[in-house]
2 protein chains.
Amino acid sequence: MNNLCAGCAVRDQALCGSLSDEELTALNSVGRRRHVSAGTTVMWSGAENLLCGNLLDGILKMAAAASDGREQIVGLLYAADFFGQPYADEVDFTITALTDAELCTFPRGAFEHVLEHHVRLENLLLQRTLKALNEARGRMLTLARMSATEKVTSLLLEMAARAGPCGCSASHGGPVTFDLPLTRGQMADVLGITIETVSRQLTRLKGAGLIALSGSRTVAIADLGALKTQISAA
Amino acid sequence: MNNLCAGCAVRDQALCGSLSDEELTALNSVGRRRHVSAGTTVMWSGAENLLCGNLLDGILKMAAAASDGREQIVGLLYAADFFGQPYADEVDFTITALTDAELCTFPRGAFEHVLEHHVRLENLLLQRTLKALNEARGRMLTLARMSATEKVTSLLLEMAARAGPCGCSASHGGPVTFDLPLTRGQMADVLGITIETVSRQLTRLKGAGLIALSGSRTVAIADLGALKTQISAA
DNA sequence: CGTTAAATTGAGGCCACTCAAGTTGTGTGG
DNA sequence: CCACACAACTTGAGTGGCCTCAATTTAACG
């Protein structure tokens, strides 16, 4: 065990969590802690690809941008998620902190070197990458084919599932209350619609009695099952 | 060397191309050739995840489907591409042959076993998966934020690049002629728009003198550079 | 309490969808 | 070789959902 990893908050969930002490030492020797405040961009699309790492705390967004300023969030990163792209010379997506965040970064080249000498680490990253690929593809259906109502509903359900990790009420469809980790604008960027449309859909769901809003961030879902019927109710 | 791989058409480009003879033998012992005709579905979304493999010839589509029938193509597979999802119990996307196709399949479990004992194979798959993830994310921007004109234009450019692997005229923006590998309906499914819209956009580009259509499948791009200006001409 | 960002609400317009008809292309059998 | 059938494609008219622009209202924070 070593100093850096011993006190790591996501030790058991992160990529490195399943490593042996020897492997951990190898990784640790090239790792560095870093705090970034909300709004800070960690990697710029188009820049030289120097870093990757684990997110210890906070939320990051990965975004693709068109030359005229249009933006699409292609992924959100939560605590224990791995970020960056090994084996690429150039950064493809801008990564920005949505909240204050804590990172554990590695120089890309050094990380690749460790990867290639520690089979288990490589296998775990492969599994995570395959999972991320599946999620990205699943989101394509939402982005391209779902209505605004369905998009907002599915994001609410996804956030509810992530916010209530206890699984207490989520399982039996009971009431769930949680705070949205994203602003309306960020939700719009994730869903590929505008701020106004997000707002209108939330108002609509509220009017239909499917959700309750107190403040602009706190959401209460009365009946998960009823909310789910909003999605592809053919 | 062995019989199955010796005559493989994509020997040098596929995942297995960079393997040693010993590794190749390991893979080959669990592999099987399989021919599928156009329209055949290779894997059904929701089914037990039994297979993965390499595409030797033809084109496959991976599609996500909503319960009401809406479909989104989340990826196209060409010769030498790997397909399937190791480490998942269930198939997430339906894979269907768009043309007659030739496959080299492995039982998923056996493939995973080979993966874990052959570091180089695992590393190559990781690199491919990371690349596929990037492509999927890049497509999100197109699906969510681009206009119909931009979507059709970008698909044409992508196909032109793939159709003319010689790079002869592609590099200096000169004229390129090729056959569309997809029907209008398939293009619509890839782009998240309707058949009619695809057709109208092609007609529009033709009217603008940017492309020429002879038959419904053959496309000629007079000036690649001019076509590119159709994308995000702010 | 004042300032500023975030969110809501409204009015109007446009792009892409829907529905529908007609045309072209392709392959098959007479 | 032509006639037919069927699928793919094109074109048109009309509609609706989401965007744009704009004005408030509400929330967040010093």
Side-chain angles (χ1 to χ4, degrees), chain A residues 37-39 66 68-72 98-100 142-153 155-156 179-208 211-219 230 232-234, chain B residues 37-39 66 68-72 98-100 142-156 179-208 211-219 230-234:
Chain A
S37 48
D68 60 356
R70 283 174 293 183
E71 177 180 286
Q72 178 60 42
L98 295 182
T99 64
D100 281 12
T142 306
L143 286 174
R145 299 297 190 185
M146 299 288 205
S147 69
T149 301
E150 292 173 312
K151 287 181 178 180
V152 171
T153 302
L155 184 58
L156 283 179
D179 278 7
L180 296 171
L182 304 179
T183 67
R184 301 288 188 273
Q186 288 157 359
M187 293 174 68
D189 282 345
V190 169
L191 299 174
I193 53 183
T194 60
I195 289 181
E196 294 94 325
T197 300
V198 172
S199 181
R200 277 186 251 268
Q201 295 306 324
L202 287 173
T203 305
R204 205 187 128 280
L205 291 172
K206 179 183 172 185
I211 62 172
L213 301 169
S214 56
S216 56
R217 284 302 186 84
T218 306
V219 180
Q230 292 293 301
S232 74
Chain B
S37 49
D68 60 356
R70 284 175 292 184
E71 176 179 288
Q72 177 60 43
L98 295 182
T99 65
D100 282 11
T142 306
L143 287 175
R145 299 296 190 184
M146 299 287 205
S147 68
T149 301
E150 292 173 313
K151 287 182 179 181
V152 171
T153 303
S154 62
L155 185 57
L156 283 180
D179 278 7
L180 295 171
L182 305 179
T183 67
R184 301 289 188 272
Q186 288 158 0
M187 293 175 68
D189 281 344
V190 169
L191 299 173
I193 54 183
T194 60
I195 289 182
E196 294 95 325
T197 300
V198 172
S199 181
R200 276 186 251 268
Q201 294 307 324
L202 287 174
T203 305
R204 204 188 129 279
L205 291 172
K206 179 182 173 186
I211 63 172
L213 301 169
S214 55
S216 55
R217 283 301 186 82
T218 306
V219 179
Q230 292 294 301
I231 301 177
S232 76

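Residue numbering restarts at 1 for every chain, and letters A, B, ... go by the order of the sequence lines.
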S.K.: What is the distance, to the nearest angstrom, from the CE atom on M187(A) to the C1' atom on dA7(C)?
M.R.: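 For the pair M187(A) CE and dA7(C) C1', the rounded distance is 12 Å.
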S.K.: What is the minimum heavy-atom distance between D100(A) and A38(A), and which atoms define it?
M.R.: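 For D100(A) and A38(A), the tightest heavy-atom pair comes out as OD1-N, 2.7 Å.
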S.K.: Counting primed atoms plus P, OP1 and OP2 as sugar-phosphate and everything else as base, spell out the protein contacts along nucleotides 10-25 of chain C at 4.0 Å heavy-atom distance: B, S or - for each nucleotide, 5' to 3'.
M.R.: BB----SSBBB-----
S.K.: Taking the side chain as C-beta and beyond, is there a heavy-atom pair between V198(A) and L155(A) under 4.5 Å?
M.R.: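 Heavy-atom side-chain distance check fails, nothing below 4.5 Å.
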S.K.: With distance as the sole test, does E71(B) use its side chain to make a donor-acceptor pair with the main-chain N or O of A66(B) at under 3.5 Å?
M.R.: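 Judged by distance alone, no pair lies under 3.5 Å.
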S.K.: Donor-acceptor pairs are to be reported for all side-chain atoms of residues 199-208 of chain A against protein atoms at under 3.5 Å, with residues two or more places apart or in another chain.
M.R.:
| residue | atom | partner | partner atom | Å |
| --- | --- | --- | --- | --- |
| Q201(A) | OE1 | T149(A) | OG1 | 2.7 |
| T203(A) | OG1 | S199(A) | O | 2.9 |
| R204(A) | NH2 | Q230(A) | OE1 | 3.4 |

S.K.: Distance-only criterion, 3.5 Å: show the donor-acceptor pairs between side-chain atoms of residues 179-188 of chain B and protein atoms not counting sequence neighbours.
M.R.:
| residue | atom | partner | partner atom | Å |
| --- | --- | --- | --- | --- |
| D179(B) | OD1 | T218(B) | OG1 | 2.8 |
| T183(B) | OG1 | G185(B) | N | 3.4 |
| T183(B) | OG1 | Q186(B) | N | 3.1 |
| R184(B) | NH1 | S216(B) | O | 3.0 |
| R184(B) | NH2 | S216(B) | O | 2.9 |
| Q186(B) | OE1 | T183(B) | N | 3.0 |

S.K.: Which value, rounded to the nearest 0.5 Å, describes the distance between M146(A) atom CE and L191(A) atom CG?
M.R.: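 CG of L191(A) is found 11.0 Å from CE of M146(A).
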S.K.: Rounding to 10 degrees, work out the angle separating the end axes of the helix from dC1(C)-dG30(D) to dG30(C)-dC1(D) (five pairs an end).
M.R.: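 One end's axis against the other's: 40°.
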S.K.: Going by the rule salt bridge (Lys or Arg N to Asp or Glu O under 4.0 Å), which residues pair with R145(B) if we only count those two or more places apart in sequence or in a different chain?
M.R.: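 R145(B): salt bridge (Lys or Arg N to Asp or Glu O under 4.0 Å) contacts with D189(A).
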S.K.: Walking along DNA chain D from 5' to 3', note the first and the last nucleotide with an atom under 4.0 Å from a heavy atom of chain B, and give both.
M.R.: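 From 5' to 3', the first and last contacting nucleotides are dC9(D) to dA13(D).
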S.K.: For residues K151(A) and T197(A), determine if any side-chain heavy atom of one lies less than 4.5 Å from a side-chain heavy atom of the other.
M.R.: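 The answer is no, as the side chains (C-beta and beyond) never meet within the 4.5 Å cut-off.
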